[in-house]
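All remarks here apply to the structure that follows.
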Amino acid sequence: MNFTSSELDFVKDNEAYVPVAESEKRRINSVEEFSETLEAARAAAAAGAMPDMRHCIIKGIDLAGRDLTGIDFRRATFDGCSLRETDFSGSQMDNVAFYNNDLVGMKLRGCKARGCSFRFQDMTDIDLRGANIYSSVLEDAINQDKVIIDDDTRWYKMRCPEEGEAFIAWKCCTDLRVVMMLVPRDAHRCMATMETGRVSKVKVLKITNIDETENYTWAQSTVDPDFYYEVGKWLEPANGFQMDRWKDSSPGIHFFLDRQQCVDYQSK
């Protein structure tokens with residue numbers, strides 16, 4: 001599994017991002033101020049461009065049911081707002097932070113909503129049809145299973161087999177030793193909204209260097225120096241397994257589905 005151009009441009013944009021000073025962010029605390037700011041952004045937008053509402057901090061206002069389609073809200077913050085059934089379809093929503101809002105029925109159809117934070121939010125009936133939620137945080141959100149998705153929703157469904165099917169996974173250890181692992185049919189497995197996942201049991205099949213010119217019998221974990229991968233052995237995580245798929249950085253044997261992504265991540 002390789003990155004699509006959509007995920008690559010998101011990763012590159014984030015790596016190149018220069019944070020905006022807090023003093024330069026627009027703070028919007030009333031519906032009237034929001035409407036005025038949006039109208040000014042629409043008037044200033046070049047032909048065919050989205051109105052620029054990036055980096056706005058929008059706090060404590062009622063935008064329920066509003067048509068906010070086709071707007072650039074990248075890195076905006078919505079804090080304590082009513083966004084019930086608000087329609088953001090087709091808007092640019094990358095890295096938007098949602099805090100303490102009412103999001104029930106909010107529409108993100110066809111949006112790039114990569115890197116969004118939904119932590120502690122109720123996600124009931126949020127419409128993600130056609131949306132890309134790569135790298136978005138759903139940990140500690142409520143009712144993550146009650147969102148509306150379709151076959152074009154990207155990164156909501158797990159990329160690995162959800163249950164009952166064995167598959168091959170990869171891990172990079174100290175000294176850039178690459179471990180090829182079999183995840184058996186009875187192993188628990190989780191993936192959130194990225195290309196990494198966790199499993200409850202593996203069998204180590206092979207350990208090589210990056211270019212596969214050398215073989216090894218063992219490799220040492222980069223996280224737990226007392227945890228070793230040995231060829232031919234079955235392993236379970238030393239600290240147990242977290243069943244909540246959205247808790248990405250939690251107990252389990254972490255893996256990639258793609259060998260090259262595994263290598264690229266560890267050798268950055």
Side-chain angles (χ1 to χ4, degrees), residues 1-3 7-8 10-11 14-15 114-115 117-120 133-141 144-145 155-268:
M1 178 185 65
N2 296 312
F3 279 123
E7 280 81 61
L8 276 174
F10 175 73
V11 172
N14 280 343
E15 289 176 347
R114 303 165 299 181
S117 175
F118 294 102
R119 195 184 295 271
F120 304 114
I133 62 166
Y134 175 75
S135 191
S136 286
V137 179
L138 278 66
E139 181 177 347
D140 296 320
Q144 301 102 321
D145 60 337
W155 296 96
Y156 178 83
K157 292 182 179 179
M158 295 200 301
R159 294 298 179 98
C160 68
E162 294 194 15
E163 59 182 2
E165 183 180 339
F167 62 95
I168 298 298
W170 301 89
K171 189 172 191 74
C172 208
C173 290
T174 56
D175 300 320
L176 296 179
R177 297 187 178 190
V178 184
V179 182
M180 180 184 184
M181 306 177 294
L182 172 69
V183 180
R185 298 195 321 180
D186 62 340
H188 298 299
R189 66 285 305 269
C190 289
M191 296 187 81
T193 60
M194 294 183 70
E195 61 279 358
T196 55
R198 298 177 290 108
V199 291
S200 64
K201 181 166 59 174
V202 298
K203 182 177 183 180
V204 180
L205 300 180
K206 184 168 67 171
I207 303 173
T208 66
N209 60 352
I210 287 179
D211 57 10
E212 300 186 272
T213 58
E214 294 185 47
N215 290 283
Y216 308 102
T217 58
W218 60 271
Q220 182 184 35
S221 169
T222 59
V223 176
D224 181 354
D226 295 322
F227 195 85
Y228 284 82
Y229 296 82
E230 296 181 52
V231 173
K233 286 197 173 183
W234 287 98
L235 296 173
E236 297 184 13
N239 55 349
F241 181 77
Q242 167 59 255
M243 291 294 292
D244 187 341
R245 65 169 286 202
W246 305 113
K247 294 184 181 294
D248 203 19
S249 298
S250 59
I253 295 176
H254 290 245
F255 71 89
F256 283 83
L257 288 174
D258 182 90
R259 186 184 190 277
Q260 190 58 49
Q261 281 189 348
C262 165
V263 171
D264 291 345
Y265 176 82
Q266 198 63 41
S267 57
K268 281 182 180 179

How many angstroms lie between atom [atom1] of [X] and atom [atom2] of [Y], to the nearest 0.5 angstrom?
X      : Y      : atom1 : atom2 : result
His254 : Asp248 : NE2   : CG    : 7.0 Å
Ile210 : Leu176 : CD1   : CG    : 4.0 Å
Leu138 : Asp244 : CG    : CG    : 10.0 Å
Glu236 : His188 : CD    : NE2   : 9.5 Å
Glu139 : Gln144 : CD    : CD    : 9.5 Å
Glu230 : Ile207 : CD    : CD1   : 8.0 Å

Taking all atoms of both residues into account, what is the closest heavy-atom pair of [X] and [Y], and its distance?
X      : Y      : value
Glu212 : Arg259 : CG-NH2, 3.2 Å
Ser200 : Pro237 : O-CD, 3.1 Å
Cys160 : Phe167 : CB-CZ, 3.9 Å
Cys173 : Thr222 : C-CG2, 3.5 Å
Ala166 : Arg185 : N-CG, 3.6 Å
Val231 : Tyr216 : CG2-O, 3.4 Å

Checking side-chain contact (heavy atoms from CB on, under 4.5 Å) for the pair Val183/Phe255: CA distance, chi angles, key distance, verdict? CA-CA 10 Å; Val183 180; Phe255 71 89; 5.6 Å; no

Measuring only between side-chain heavy atoms, which start at C-beta, is [X] closer than 4.5 Å to [Y]?
X      : Y      : answer
Leu235 : Phe227 : yes
Met181 : Tyr229 : yes
Asn215 : Lys206 : yes
Glu162 : Arg189 : no
Val202 : Leu182 : no
Phe256 : Lys171 : no

Quick one: does any side-chain atom of [X] pair with a main-chain N or O of [Y] as donor and acceptor, under 3.5 Å?
X      : Y      : value
Asp258 : Gln260 : yes
Asn239 : Pro251 : no
Arg177 : Gln220 : no
Arg198 : Phe241 : no

Is there a side-chain contact (heavy atoms from CB on, under 4.5 Å) between Met191 and Trp155 once you walk through the steps? CA-CA 9 Å; Met191 296 187 81; Trp155 296 96; 5.8 Å; no

Around atom [atom1] of [X], are there more than 12 heavy atoms of other residues, nucleotides or ligands at under 6.0 Å?
X      : atom1 : result
Tyr265 : OH    : no
Glu163 : CD    : no
Lys203 : NZ    : no

Which is it for Leu257 and Glu195 under the side-chain contact (heavy atoms from CB on, under 4.5 Å) test, yes or no, and what are the steps along the way? CA-CA 7 Å; Leu257 288 174; Glu195 61 279 358; over 6 Å; no

Tell me whether the centres of the aromatic rings in Tyr156 and Trp246 are closer together than 6.0 Å.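 Ring-ring flag for Tyr156/Trp246: true, centres closer than 6.0 Å.
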
Applying side chain to side chain contact (heavy atoms under 4.5 Å, CB included), name anything that partners Pro184, two or more places apart in sequence or on another chain.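 By the side chain to side chain contact (heavy atoms under 4.5 Å, CB included) rule, Pro184 matches Asp186, Ala187, Lys201, Trp234.
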
Among Val178, Val179, Thr213, find the one that has a side-chain contact (heavy atoms from CB on, under 4.5 Å) with Thr208.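 That would be Val178; it is the only one of Val178, Val179, Thr213 passing the side-chain contact (heavy atoms from CB on, under 4.5 Å) with Thr208.
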
When the ring planes of Tyr134 and Phe10 are compared, do they come out parallel, tilted or perpendicular, using 30° and 60° as the limits? perpendicular

